[in-house]
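Here the structure comes first, spelled out in structure tokens, and everything after it is commentary.
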Amino acid sequence: MAASRKRQVEFMRSFGDTALIDAVAAMIRRYDADWLTDAQLSEVVAQQVSDARWSARNTRRNRRLSSEQKAA
């Protein structure tokens with residue numbers, strides 16, 4: 001009898017904090033995004049857009065702060 005989903009996830013995590021993440025990353029490299037559902041793919045894209053916007057805002061803020069420090 002195959003192990004339950006919960007037991008399989010626990011087993012993966014027993015190899016370290018990043019073992020499950022590494023396994024998922026390997027799946028993405030192997031199968032691209034074909035194994036993601038449309039909803040999951042939309043969630044990933046939305047997170048990437050949010051992260052890019054945050055990074056751009058943070059970069060602008062840091063540049064402004066840096067120029068203010070140089071002017072002072």
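What you are looking at is a predicted structure, and each value in this text was computed from that prediction instead of being measured. Counting begins at 1 with the first residue of the sequence.
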Would a hydrophobic clustering, with Ile, Leu, Val, Met, Phe, Trp and Tyr connected at side-chain separations under 4.5 Å, put [X] with [Y]?
X: Leu41; Y: Val24; result: yes
X: Tyr31; Y: Leu36; result: yes
X: Phe15; Y: Ile21; result: no

- request: Measure the CG-CZ distance between Leu65 and Arg63 for me, rounded to the nearest 0.5 Å.
  value: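 It is 12.5 Å, given to the nearest 0.5 Å.
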field: Rounded distance (nearest 0.5 Å) linking atom OG1 of Thr18 with atom CE of Met12
entry: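 One finds 10.0 Å between OG1 of Thr18 and CE of Met12.
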Counting neighbours of [atom1] on [X] that are heavy atoms of other residues, nucleotides or ligands and sit closer than 6.0 Å, is the number greater than 12?
X: Glu10; atom1: CD; answer: yes
X: Asp34; atom1: CG; answer: yes
X: Asp17; atom1: CG; answer: no

- prompt: Is it true that a side-chain atom of Ser55 and a backbone atom of Asp51 form a donor plus acceptor pair closer than 3.5 Å?
  reply: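 No; judged by distance alone, with no hydrogens or angles, the pair does not exist.
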What's the shortest heavy-atom distance between [X] and [Y], and which atoms?
X: Gln40; Y: Trp35; value: OE1-O, 4.4 Å
X: Arg13; Y: Leu20; value: NH2-CD2, 3.6 Å
X: Ala3; Y: Arg7; value: CB-CB, 4.1 Å

task: Could you pull out all residues at least two apart from Arg61 that satisfy side-chain hydrogen bond (donor to acceptor under 3.5 Å, both in side chains)?
output: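 Asn58.
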